[in-house]
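Working notes, beginning with the structure itself.
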Number of protein chains: 4
Amino acid sequence: MRIDPSSHVPIYLQIADEIRAAVAAGIYRAGEVLPSLRAMAVEVQVNPNTVQRAYDELEREGLIFAQRGKGLFVAETGAASAQSGAEDGVRRLFDEGIRASQAAGMTRKQIFEIFHAALANSSKLGSNRP
Amino acid sequence: MRIDPSSHVPIYLQIADEIRAAVAAGIYRAGEVLPSLRAMAVEVQVNPNTVQRAYDELEREGLIFAQRGKGLFVAETGAASAQSGAEDGVRRLFDEGIRASQAAGMTRKQIFEIFHAALANSSKLGSNRP
Amino acid sequence: MRIDPSSHVPIYLQIADEIRAAVAAGIYRAGEVLPSLRAMAVEVQVNPNTVQRAYDELEREGLIFAQRGKGLFVAETGAASAQSGAEDGVRRLFDEGIRASQAAGMTRKQIFEIFHAALANSSKLGSNRP
Amino acid sequence: MRIDPSSHVPIYLQIADEIRAAVAAGIYRAGEVLPSLRAMAVEVQVNPNTVQRAYDELEREGLIFAQRGKGLFVAETGAASAQSGAEDGVRRLFDEGIRASQAAGMTRKQIFEIFHAALANSSKLGSNRP
DNA sequence: GTGGTCTAGACCACA
DNA sequence: GTGGTCTAGACCACG
């Protein structure tokens, strides 16, 4: 779980994205409890309120649900919805990159090369950055 | 020149990015004047102060320089620096997308498919929207 | 006895309301014992502490009283006080609904129609759900 | 705009309900600016963050939309969606009241009488309580 | 001035 | 211990 505090995208959305990805990846499974607000807050070095907001977001999406005094649980439909949500996010980033590259006058070949280089480089690091 | 007011990245940076891309694409050439503050403000439907900040940003990068009373000009080294800047930006977006997709447990094949779909879709729209 | 865990009104008050209604309806009569803490906790799928608070609430109202080691009993004056209590609660909900509808600019006719529809629909379900 | 701080329903939802009702009633019209966060916070004697949360809620519903630095505006589709939202809320309150009254063993006639009394009483006060 | 995010710390309902 | 709401006050982007 890595947060970039200097990013323009709000921390609470970054956290929500990370959790969504973790559910999509099967790290948290349907019916399981998520880390508590406070635990997560400690882990990502952030105020509990900020984590709460991330959880609110996910609850609204129907990905997780809360039980007072017990904790937060992954919904039955959570994995599926997390996967499509994650795909949408990735798609949006690629779209944005492609749009930017075309605005800069790059050819499809150039765009491809950049993408390939990025993908090749990422594999070297593995899926979880050290 | 397209601005997304609902994006998390500040409008002034979006404008700077667009101008950088335009320089990289050769739409604005070395020695040429950029549209005036006000003209640009009208074009992107934004407060002149915001355009000012974008120009400040680019000037700090050395991409453009101001001549009192005449306007803003593209630096000689502008095109080259804009190109590498644009590539960096695109690369960063792709990296981010790849990272997110791997965090969600997607395989290389799946990532590829999403990218291809995005690229195919984008060519339909044409590379530069007016 | 139905509890809505997603309601904003605390569960212990929901339980107290239900018991008050049951006394008003004559399901529990003066002098009779109420279900034990644990039995009630099992029935409504809730922590015994929460039921305890509901009983505390009712005892404070004088609707029920405890006899050490024997259980909780409905007070002689219980039925009457429960009835007026229940009426007050209903009245408060209707008042609130009427206030909200008027704030939204609805006419008396519209308000009536909504109420009738709600009442008609409810009779289909039967008056006491088990 | 009246808030009940002792209510169990969160202040931010009370505020959202009030604004929704005002839009439904045509007090705020499509395209118009709403009172600013801070102004509203002063009016309802509440922290600006709490108002912000109410506005967030309404923005998510598509009732209003924000423009950075400009203010909050009623969406074109706002009035319609506010009206159906307001009706739903009223309906929910009536349902709840009917359910409670039936649980207390009241007859339809009694329920009707309570409702009529509440409605009659409310008309005396007018739609905006003094 | 506007909205948007974040922090620190409080109190509540519930297990 | 858990989640949920609220406050006070800070900083940012934008007009």
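Within every chain, numbering begins at 1; the chains are lettered A, B, ... in the order of the sequence lines, protein sequences first and strands thereafter.
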Collect all protein-nucleotide pairs involving nucleotides 11-14 of chain F in which both atoms are nitrogen or oxygen and the distance is under 3.5 Å.
unit_1 : atom_1 : unit_2 : atom_2 : d
F:dC14 : OP1    : B:I11  : N      : 2.2

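As a whole-Å value, the separation of D:M40 CE from E:dG3 C1' is 14 Å. If you take CG of C:D56 and C1' of E:dC14, they are 15 Å apart, rounded to a whole angstrom. Atom-to-atom, CD of D:E59 to P of E:dG3 comes out at 11 Å; the value is rounded to the nearest Å. Separating the CD atom of C:Q52 from the P atom of E:dA15 is a distance of 14 Å, rounded to the nearest angstrom. Rounded to whole Å, the distance from CD on A:Q14 to P on E:dT5 is 12 Å. For the pair C:E57 CD and E:dC14 C1', the computed distance is 16 Å after rounding to whole Å. Atom CG of A:L37 is separated from atom P of E:dA10 by 18 Å (rounded to the nearest Å). Atom C1' of nucleotide E:dT5 and atom CG of A:D4 are separated by 15 Å, given to the nearest angstrom.
The minimum heavy-atom distance linking B:I19 with B:M40 is given by the pair CD1-CE, 3.9 Å. Nearest heavy atom pair, residue A:A82 against residue A:V23, reads CB-CG1, 3.8 Å. Nearest approach of D:A16 to D:A54, heavy atoms of both residues: N-CB, 3.9 Å.
Between C:R20 and C:D17 there is a salt bridge, since a side-chain N of the basic residue sits under 4.0 Å from a carboxylate O of the acidic one.
Among the candidates A:R99, A:R92, A:R91, the single residue satisfying the salt bridge (Lys or Arg N to Asp or Glu O under 4.0 Å) test with A:D95 is A:R91.
Here the CD atom belonging to C:E43 is positioned 10.5 Å from the OG atom belonging to C:S36, to the nearest 0.5 angstrom. Atom CZ in B:R53 sits 14.0 Å away from atom CG in B:L58 (nearest 0.5 Å). The distance from the OG1 atom of C:T50 to the CD1 atom of C:I11 is 6.0 Å, given to the nearest 0.5 Å.
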**OP:** Give the dot-bracket string for DNA chain F, reading 5' to 3', where a pair is Watson-Crick or G-U wobble with both distances under 3.5 Å, ( ) marks pairs inside the strand, [ ] marks pairs crossing earlier ones, | marks a partner on another strand, and . marks unpaired.
**Re:** ||||||||||||||.
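Using the six-membered ring where Trp is involved, A:F94 and B:F94 have ring planes that are perpendicular, over 60° apart on the 30 and 60° scheme.
No hydrogens or angles were tested; on distance alone, a donor-acceptor pair under 3.5 Å links the side chain of A:N49 to the base of E:dG9.
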